[in-house]
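For the single chain, residues carry numbers from 1 onward in sequence order. Basis for what follows: all heavy atoms, side chains included, without hydrogens, waters or symmetry-related copies.
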Amino acid sequence: MDKKRLKRALGGAIPLAILIIDSYVKMHTVTLSGNERVKSEEIQPVSGSVKVTGTADTDVVFTDTESGETYVIGYITSGAGETIKLERGKWYRVEGDGELTVRPVNVRIE
């Protein structure tokens, strides 16, 4: 393959890859909001880590639904985020103040 064809192929493949990755991240992002002061939802990490951002200064607590073991992001501030390592395939209850955005996760709806 000559250099022109390779450049053309990469020029089309890279934007397509970006669109696929962007839609995947959006599909596995949840925002916890509502009138309650403390938000709570059951989530499952898609990979080994979860990123959390929020609109309020808060501690974010993840509780393993089977064992009850807790994992805490000590303190996040409005607009800033933090990443926590959690076991893939397990379900966790996430709790915190303000509007929390958590990704990449699956959400349990009952």
Side-chain angles (χ1 to χ4, degrees):
M1 187 182 286
D2 63 12
K3 288 185 179 184
K4 268 189 176 179
R5 284 187 180 176
L6 181 61
K7 283 182 180 179
R8 230 181 283 143
L10 286 176
I14 291 173
L16 180 61
I18 290 170
L19 285 173
I20 291 170
I21 291 170
D22 186 50
S23 65
Y24 178 81
V25 169
K26 284 181 182 175
M27 184 171 55
H28 291 285
T29 299
V30 63
T31 300
L32 308 177
S33 60
N35 295 333
E36 316 87 42
R37 179 164 164 76
V38 175
K39 310 305 182 285
S40 177
E41 193 68 61
E42 285 189 19
I43 58 100
Q44 181 184 57
V46 172
S47 62
S49 62
V50 173
K51 179 166 179 141
V52 181
T53 56
T55 60
D57 297 351
T58 185
D59 292 337
V60 181
V61 180
F62 294 86
T63 305
D64 185 322
T65 58
E66 291 180 13
S67 70
E69 188 172 352
T70 60
Y71 306 89
V72 178
I73 295 178
Y75 194 72
I76 62 170
T77 59
S78 179
E82 190 70 37
T83 302
I84 187 169
K85 297 242 183 232
L86 296 172
E87 190 174 332
R88 184 177 180 199
K90 284 192 164 191
W91 288 97
Y92 299 87
R93 177 164 293 284
V94 59
E95 298 176 345
D97 289 337
E99 188 173 283
L100 297 174
T101 301
V102 186
R103 69 176 185 262
V105 296
N106 295 316
V107 179
R108 181 178 285 175
I109 299 172
E110 293 183 16

For D57 and S78, which heavy atoms make the closest approach, and how far apart are they?
OD1-N, 3.2 Å
Residues clustered with Y75, ILVMFWY side-chain links under 4.5 angstrom
none
Would you check if T83 and K51 make a side-chain contact, meaning some heavy-atom pair closer than 4.5 Å?
yes
Nearest 0.5 Å, please: how far is CG in L100 from OG1 in T55?
7.0 Å
Between P45 and V50, the two heavy atoms sitting closest are CB-CG2, 3.8 Å
Can you list everything that forms a side chain to side chain contact (heavy atoms under 4.5 Å, CB included) with K85? Sequence neighbours excluded, please.
none
Return the set of residues passing side chain to side chain contact (heavy atoms under 4.5 Å, CB included) with V61 (not counting sequence neighbours), or none when no residue passes.
T63, T70, V72
Are I76 and T53 packed together at the side-chain level, in the sense that at least one heavy-atom pair is separated by less than 4.5 angstrom?
no
Set of residues satisfying salt bridge (charged side-chain N to carboxylate O under 4.0 Å, His left out) with respect to R88, sequence neighbours excluded:
none
Over all atoms of both residues, closest heavy-atom pair of I43 and F62
CD1-CE2, 4.1 Å
Tell me, please, which residues at least two apart from E87 pass salt bridge (charged side-chain N to carboxylate O under 4.0 Å, His left out).
K90
What residues form a side chain to side chain contact (heavy atoms under 4.5 Å, CB included) with T65, not counting sequence neighbours?
E42, W91
